[in-house]
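Just below is one structure, and these are the notes that go with it.
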Amino acid sequence: MIIGNKKISLVTSDSRKVIPGSLFVAVRGFASDGHSYIPQAVEKGASAVMYDTENLTPEARAALEKVTAIKVEDSRIALAQAADEFYDHPSQKLKLVGITGTNGKTTTVTLLYQLFMNLGYNCGLLSTIANYVGRTETETTNTTSDPVTINRLMAQMVQQGCEYCFMEVSSIGMEQQRVAALKFRAGIFSNLTHDHLDYHKTFAEYLRCKKLFFDGLSADAAAIINIDDKNGPVMVQNTAARVVTYSLGKMADHSCRIMEESFDGMLLKIDGEEVWTRLIGRHNAYNILAIYSTAIELGATKQEALVGISKLESAKGRLETIRGPRNLSIILDYAHTPDALENVLTTLKDIAQEGQQLVAVFGCGGDRDRTKRPEMAAVAEKYADRIILTSDNSRSERTEDIIAEMKTGLSPRGLAKTLCIADRAEAIRTAIMTSPDGAAILLAGKGHETYQIIGTEHRHFDEREIVRDIFKSIEAL
């Protein structure tokens with residue numbers, strides 16, 4: 001990549017990462033404005049700077065006179081395009097599949113990655129839980145990473161001989177242009193429910209950002225949509241892509257019915273053929289149908305897709321079950337929205353045997369959408385026999401204040417079966433020690449996460465470790 005007759009050594013929007021010969025792209029963020037760091041970037045050796053405003057400090061203007069300065073219309077789009085150019089357009093060399101929606105993104109991309117790796121293809125994965133280049137794992141911090149990270153990882157995938165890449169595409173990632181310039185072979189829509197309104201402010205804006213993904217698909221791509229969600233058809237109103245539909249209850253290109261269900265798995269009938277899966281729950285039936293539909297679109301045979309599905313294992317922290325003493329079942333799930341919590345609780349309620357107690361332990365994140373706090377408590381009251389309200393990632397808020405807002409969604413009857421324990425580890429211990437034999441205890445909200453954010457500090461917090469330690473203490477009694 002050449003700018004101003006100089007070869008660019010790195011593309012970045014972080015002035016701290018600038019090395020001599022870098023292209024620094026000044027992007028306005030929430031906490032700070034990258035335009036303020038132009039002098040630092042130039043001082044560290046940047047040879048080119050992209051910016052999108054005339055509202056610059058005298059220091060920034062003076063710094064721009066020392067380098068190749070390029071004014072652009074939108075720095076975020078420019079960053080994505082520059083990253084794509086710098087890494088030699090890696091998404092065009094992969095069969096890139098993106099999924100967007102409120103729930104099911106992580107499970108679907110993770111299982112697609114599993115399926116195609118098992119079919120003998122080398123693949124990449126970009127997800128909330130982890131990024132994979134082939135079988136090499138790297139951690140991730142965002143649902144959709146920044147454009148430089150995305151293109152860097154995809155370039156590594158190309159170098160490692162990957163043919164496919166499966167990635168989550170968030171509404172925030174779309175709004176911030178993180179996937180601009182990427183070439184998608186297929187896009188999947190799962191569902192749309194209440195989430196991220198702390199960022200988007202309105203549901204209409206949330207929907208608009210999701211829809212942008214499908215608006216940007218090319219004519220040679222496939223838009224694979226869940227038409228049981230009323231927003232499914234809306235997503236593809238303006239897409240140039242070929243539309244492929246899937247449904248559990250309507251006429252569609254691909255359909256599915258749940259034949260049998262237990263804590264050990266489900267028997268599904270997909271396009272007339274039966275297949276057993278170790279995953280449970282109606283929402284996972286949707287996820288599996290999305291995977292099947294995508295596999296067929298990508299050229300897998302029906303038999304390959306169904307056999308592969310029968311071997312899939314649930315994504316970490318998605319209805320992950322730990323069996324313990326006294327016939328207790330601990331279920332870990334990332335559910336952190338009212339709809340996701342309802343999906344999980346209804347699933348567990350439907351599977352539970354008569355008289356089996358269902359306990360829900362969960363909190364709500366601090367500095368995030370406050371309107372869903374009472375809604376989640378109301379959902380738990382509807383389905384759980386006992387409730388323990390506790391912490392999640394409280395961030396700068398007091399856990400006690402978050403719990404107080406959650407409690408406003410409970411009726412007197414709900415309050416009577418609810419405990420409030422701010423310390424999440426103690427809440428888990430209380431749930432396990434006070435539940436009757438055979439109970440199913442849902443730990444919702446953390447899922448795959450192995451930390452809690454208190455203030456600005458990330459503290460180690462792995463629910464699996466906590467549960468197993470409690471089980472050991474019970475067995476030692």
Side-chain angles (χ1 to χ4, degrees), residues 99 103-119 127 129 166 188 190-191 226 228 246-249 254-296 300 302-324 327-335 340-360 383 438-444 447-448 463-464 467:
I99 177 169
N103 301 310
K105 297 188 297 296
T106 300
T107 297
T108 301
V109 293
T110 302
L111 295 181
L112 274 168
Y113 168 81
Q114 277 188 37
L115 175 62
F116 276 80
M117 288 291 281
N118 291 341
L119 289 175
S127 78
I129 294 177
F166 304 101
I188 307 168
S190 58
N191 50 67
N226 171 15
D228 289 347
Y246 66 92
S247 169
L248 261 65
H254 302 290
S255 60
C256 171
R257 280 199 304 148
I258 301 173
M259 309 299 289
E260 297 176 15
E261 190 172 16
S262 71
F263 273 116
D264 296 318
M266 296 182 292
L267 179 64
L268 304 177
K269 179 173 279 189
I270 300 177
D271 285 354
E273 297 288 336
E274 291 187 353
V275 60
W276 176 263
T277 172
R278 282 173 272 188
L279 279 68
I280 62 173
R282 184 176 176 84
H283 61 293
N284 270 326
Y286 276 110
N287 294 336
I288 288 170
L289 186 55
I291 292 161
Y292 171 85
S293 304
T294 304
I296 298 299
K302 189 173 184 179
Q303 187 68 12
E304 285 175 333
L306 293 174
V307 171
I309 284 169
S310 70
K311 298 176 181 178
L312 295 177
E313 297 180 359
S314 180
K316 186 178 180 181
R318 268 61 177 178
L319 282 176
E320 180 181 350
T321 301
I322 302 174
R323 305 282 187 179
N327 199 28
L328 294 172
S329 297
I330 312 299
I331 301 96
L332 284 67
D333 195 90
Y334 190 53
L341 185 62
E342 183 164 26
N343 283 339
V344 172
L345 286 172
T346 53
T347 294
L348 299 180
K349 198 74 172 176
D350 290 343
I351 296 173
Q353 298 177 359
E354 186 176 350
Q356 186 175 18
Q357 189 172 99
L358 177 57
V359 183
Y383 298 103
I441 303 170
L442 171 66
L443 309 182
H448 62 282
E463 292 187 325
R464 293 157 198 78
V467 168

Taking the side chain as C-beta and beyond, is there a heavy-atom pair between Ile322 and Glu463 under 4.5 Å?
-> no
Smallest separation among heavy atoms of Ala290 and Ile188, with atom names | CB-CG2, 4.1 Å
Is there a side-chain contact between Lys311 and Val307, using heavy atoms and a 4.5 Å cut-off?
-> yes
What is the distance from atom OG of Ser314 to atom CG of Leu332, rounded to the nearest 0.5 Å?
-> 10.5 Å
Verify side-chain contact (heavy atoms from CB on, under 4.5 Å) between Leu341 and Leu442, making sure each step is shown before the conclusion.
-> CA-CA 10 Å; Leu341 185 62; Leu442 171 66; 4.0 Å; yes
Heavy-atom donor-acceptor pair, Thr110 side chain to Thr107 backbone, under 3.5 Å = no
Looking only at atom types and distance, does a side-chain atom of Thr346 sit under 3.5 Å from a main-chain N or O of Asn343, one as donor and one as acceptor?
-> yes
Considering only heavy atoms from C-beta outward, does the side chain of Ser255 approach that of Asp271 to under 4.5 Å?
-> yes
Give the intermediate values and the outcome of side-chain contact (heavy atoms from CB on, under 4.5 Å) for residues Asn284 and Thr347.
-> CA-CA 10 Å; Asn284 270 326; Thr347 294; over 6 Å; no
Over all atoms of both residues, closest heavy-atom pair of Glu342 and Tyr383 | OE2-OH, 2.6 Å
Residues, nucleotides or ligands: over 12 heavy atoms within 6.0 Å of Lys302 NZ = yes
Report the distance from atom OG1 of Thr108 to atom NZ of Lys105, rounding to the nearest 0.5 Å.
-> 9.5 Å
Side-chain heavy-atom pair Leu112, Thr294 within 4.5 angstrom cut-off | yes
Give a yes or no on this: more than 12 heavy atoms of other residues, nucleotides or ligands lie within 6.0 Å of atom CZ of Arg257.
-> no
Angle class for the His254/Tyr292 ring planes (parallel below 30°, perpendicular above 60°, tilted otherwise)?
-> perpendicular
Identify the heavy atoms of Ala440 and Ile331 that sit nearest to each other, and give their distance.
-> CB-CD1, 4.0 Å
If you measure from CG on Leu115 to CD1 on Ile291, what distance do you get to the nearest 0.5 Å?
-> 7.5 Å
With a 4.5 Å limit on heavy-atom distance, are the side chains of Leu312 and Thr277 in contact?
-> no
Calculate, to the nearest 0.5 Å, the distance between atoms CE and CG belonging to Met259 and Leu267 respectively.
-> 6.5 Å
Within the side chain of Gln357, is there an N or O that forms a donor-acceptor pair under 3.5 Å with the backbone of Gly438?
-> no
CD1-OG distance between Ile288 and Ser310, expressed to the nearest 0.5 angstrom | 10.0 Å
Who pairs with Arg282 by side chain to side chain contact (heavy atoms under 4.5 Å, CB included), at least two apart in sequence or on another chain?
-> Leu248, Ile258, Tyr286
Does some side-chain heavy atom of Ser329 sit less than 4.5 Å from a side-chain heavy atom of Arg323?
-> yes
Which atoms form the tightest heavy-atom contact between Val344 and Ala335, and what is the distance?
-> CG2-CB, 4.0 Å
Heavy-atom closest pair (Phe116 atom, Ala295 atom, distance to 0.1 Å) is CZ-CA, 3.8 Å
Counting distance only, does the side-chain N/O of Asn191 pair as donor-acceptor with the main-chain N or O of Asn103 below 3.5 Å?
-> yes
Please answer whether the main-chain N or O of Gly317 pairs with a side-chain N or O of Glu320 as donor and acceptor at a distance below 3.5 Å.
-> yes
Separation between CD1 (Ile441) and CG (Leu443), nearest 0.5 Å, reads 7.5 Å
Do the non-hydrogen side-chain atoms of His448 and Arg318 ever get within less than 4.5 Å of each other?
-> yes
Is there side-chain contact between Leu319 and His283, with at least one heavy-atom pair below 4.5 Å?
-> yes
How far apart are the closest heavy atoms of Ser190 and Ile99, and which atoms are they?
-> CB-CD1, 4.4 Å
